[in-house]
S.K.: 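So that we are looking at the same thing, I have put the structure below in structure tokens.
Every number for a ligand or one of its atoms is a count from 1 in the order of the listing. For reference, positions follow the sequence shown, starting with 1.
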Amino acid sequence: MTSSDRTMLEWESPMYREAVGQFDQVARLMGLDENVADRLRFPQKATVVTFPFRRDTYRDVETLFGYRVQHLTTMGPTKGGIRFAPDVNLGEVAALAMLMTWKCAIVGVPFGGAKGGVRVDPLELSRAELQRVTRRFTMEIINVIGPETDIPAPDMGTNEQVMAWLMDTYSQHVGHAVPAVVTGKPPALGGSVARREATGRGLMFLLPQAAHHVGFDVAGARVAIHGFGNVGRYAAVAASEMGCRVVAVSDITGAIYRDDGLDVASVAKWVDEHRFLEGYPDADHIPGPDLFLVPCDVLVPAATQGVITRENAPSIQAKVIIEGANNPTNLDADEILRERGVFIVPDVLANAGGVTVSYFEWVQDVQKYFWTENEIVGRLREIMTRAFDDVLSIANSEGVDMRTAALIKGIRRVADAKLVRGIFP
Ligand code: GLU
């Protein structure tokens, strides 16, 4: 296969094709040097592993598939989450690693993008099984991660505890504690305060600017949030603290709706006690997909990819969409929404609060000097709001939408770095 034969790419998948398609569009618009563009279309390193996994019953041995993809190693270590999901694949992880590169560059965090995953349904695992999967997967990728090379974090289906096991496995391997190998850890292990809330909070830091741009008041604004996990839940908390009315939230069991606004604290308490929204007493229960159709000013997809589609985009009532999940809007839906005048704050900008506080966590671990919650939240707000202003001004000066403007900002920074480093040897 010659390098120009692009029909047999190992990471080929609809999601990877879409990420590259988006990149190509923006690269063309920017007049990006084709030599640089071609280096950025592909991940620099992709690791695929298979490993044995025994359930608690100890009868059968299953083979699990795991991935870690590092898209760009030009500007520092690579960074990005690890997801546990039943359908995760190399193409998905490669696409998400590329998005992480742009995300880091947009907020000016000195990392390249990475992403990893294990193809397993975390909801079916006992705690002991989850621990075994995490530790064995960590061993399988141990030579490609490290505090100066590649730093994992939580993503869909993983959490602080999973990061703690990852940190422990790595530390056992090298013989001393290495908190900086992973972010999103519990604070007792060198995790940062305010990391758990960072993505959801970061999304909502951008709401005043988006509302101002579109022309409505944040106070009393109706907000619908798809997902009530680590991102959606804290976005809901932040929105209600800002005086918004959170009218709908959802999880895999369905959606709940209340026209005069949900009591977010009581929903969160319910989920802590019952795991899912199912059965929550003080709201109407509606089918999960109907969350996208409720009357609202702000829609926050905060669960998974590909949920805003050509089918539901024409019926979405929100004036603003703030993308908490990675890649929640399909390209054709994006076009429909743009034509309808919906203002979209894209994932690579909107959900960058997570990796920004991950960066703070890594800096604190490396320096062994920890910051206060006020310092972290203040710096997060400053970085997020400045990135929004920069992207909006590119959107205005270039006459493009926010997604294109954000990608211009990210790609430009990365391309500049690549050009000044040159080619080895
Ligand atoms: N998984 C999160 C993301 O997609 C966080 C990554 C990180 O903190 O490194 O942005």
Side-chain angles (χ1 to χ4, degrees), residues 15 19 67-72 75-85 88 92-118 122 141 145-147 149-160 162-163 166-167 179-186 190-203 206 227 229-235 301-305 322-328 345-366 376 380 383-384 387 406 410:
M15 208 164 147
Y67 311 92
R68 185 71 183 168
V69 172
Q70 295 145 346
H71 175 252
L72 178 93
M75 293 143 89
T78 47
K79 187 87 192 77
I82 289 180
R83 56 176 51 184
F84 288 175
V88 69
E92 173 179 328
V93 170
L96 293 167
M98 181 187 284
L99 288 185
M100 281 306 300
T101 292
W102 315 141
K103 191 188 299 187
C104 292
I106 288 163
V107 283
V109 162
F111 297 134
K115 198 68 131 204
V118 177
I141 61 166
I145 60 171
T149 45
D150 181 23
I151 307 144
D155 198 83
M156 273 166 44
T158 58
N159 57 22
E160 286 178 17
V162 169
M163 298 306 117
L166 192 157
M167 179 271 185
V181 69
V182 69
T183 61
K185 307 173 286 295
S192 182
V193 291
R195 170 63 185 88
R196 191 190 298 168
E197 303 86 351
T199 313
R201 228 178 217 159
L203 296 172
L206 304 184
N230 190 47
V231 180
R233 174 185 181 142
Y234 294 105
T304 187
Q305 62 258 21
I322 306 182
E323 294 183 340
N326 290 313
N327 214 19
V345 187
D347 49 5
V348 284
L349 167 64
N351 71 31
V355 76
T356 300
V357 177
S358 275
Y359 166 56
F360 296 163
E361 180 171 329
W362 179 77
V363 169
Q364 293 171 82
D365 289 340
V366 168
I376 290 165
L380 173 65
I383 287 177
M384 293 300 292

S.K.: Give a yes or no on whether the backbone of V93 and the side-chain of K115 come within a donor-acceptor separation of less than 3.5 Å.
M.R.: no
S.K.: Among K115, K103, M156, R195, which residue places a heavy atom closest to atom 5 (C) of ligand 1?
M.R.: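 Among K115, K103, M156, R195, the closest heavy atom to atom 5 (C) of ligand 1 comes from R195.
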S.K.: So which protein heavy atom does atom 9 (O) of ligand 1 come closest to, and at what separation?
M.R.: K79 NZ, 2.8 Å
S.K.: Could you check which of N230, V355, V231, D155 puts a non-hydrogen atom nearest to atom 1 (N) of ligand 1?
M.R.: D155
S.K.: Can you see whether N159 engages N230 through a side-chain donor-acceptor pair at a distance of less than 3.5 angstrom?
M.R.: no
S.K.: Under a 3.5 Å distance rule, please check whether K79 uses its side chain to pair with a backbone N or O of V355 as donor and acceptor.
M.R.: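 Not at all, since once roles are kept as given, no pair shorter than 3.5 Å links the two residues.
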S.K.: Please identify which of these residues, T78, V69, I141, meets the side chain to side chain contact (heavy atoms under 4.5 Å, CB included) condition with D150.
M.R.: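 For D150, the side chain to side chain contact (heavy atoms under 4.5 Å, CB included) check succeeds only for T78.
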S.K.: Counting each atom of ligand 1 from 1 as listed, which ones have a heavy atom of M100 under 4.0 Å away?
M.R.: 3 (C), 4 (O), 6 (C), 10 (O)
S.K.: Who's the nearest protein heavy-atom neighbour of atom 8 (O) of ligand 1, and how far?
M.R.: S358 OG, 2.5 Å
S.K.: Answer yes or no: is there a donor N or O on one side and an acceptor on the other, between the side chain of D347 and the main chain of N327, under 3.5 Å?
M.R.: yes
S.K.: Between E361 and G184, is there a donor-acceptor pair closer than 3.5 Å when you use the side chain of the first and the backbone of the second?
M.R.: yes
S.K.: Can a donor-acceptor pair be found between the side chains of S358 and R195 at a distance below 3.5 Å?
M.R.: yes
S.K.: Do me a favour and list the nearest non-hydrogen protein atom to atom 7 (C) of ligand 1 with residue, atom name and distance?
M.R.: A153 CB, 3.3 Å
S.K.: Backbone or side chain, does any N or O of P154 fall under 3.5 Å from an N or O of ligand 1?
M.R.: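 Yes; the residue has a nitrogen or oxygen that sits under 3.5 Å from a nitrogen or oxygen of the ligand.
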S.K.: In terms of atom number and element, which parts of ligand 1 are under 4.0 angstrom from non-hydrogen atoms of G81?
M.R.: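 Under 4.0 Å from G81, ligand 1 has these atoms: 1 (N), 6 (C).
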S.K.: Which ligand 1 atoms does G354 reach within 4.0 Å, using its non-hydrogen atoms?
M.R.: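 Within the 4.0 Å cut-off of G354, ligand 1 contributes 8 (O).
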S.K.: At under 4.0 Å between heavy atoms, is it the side chain or the backbone of V357 that contacts ligand 1, or both, or neither?
M.R.: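 For V357, there is no contact with ligand 1 at all, from either part.
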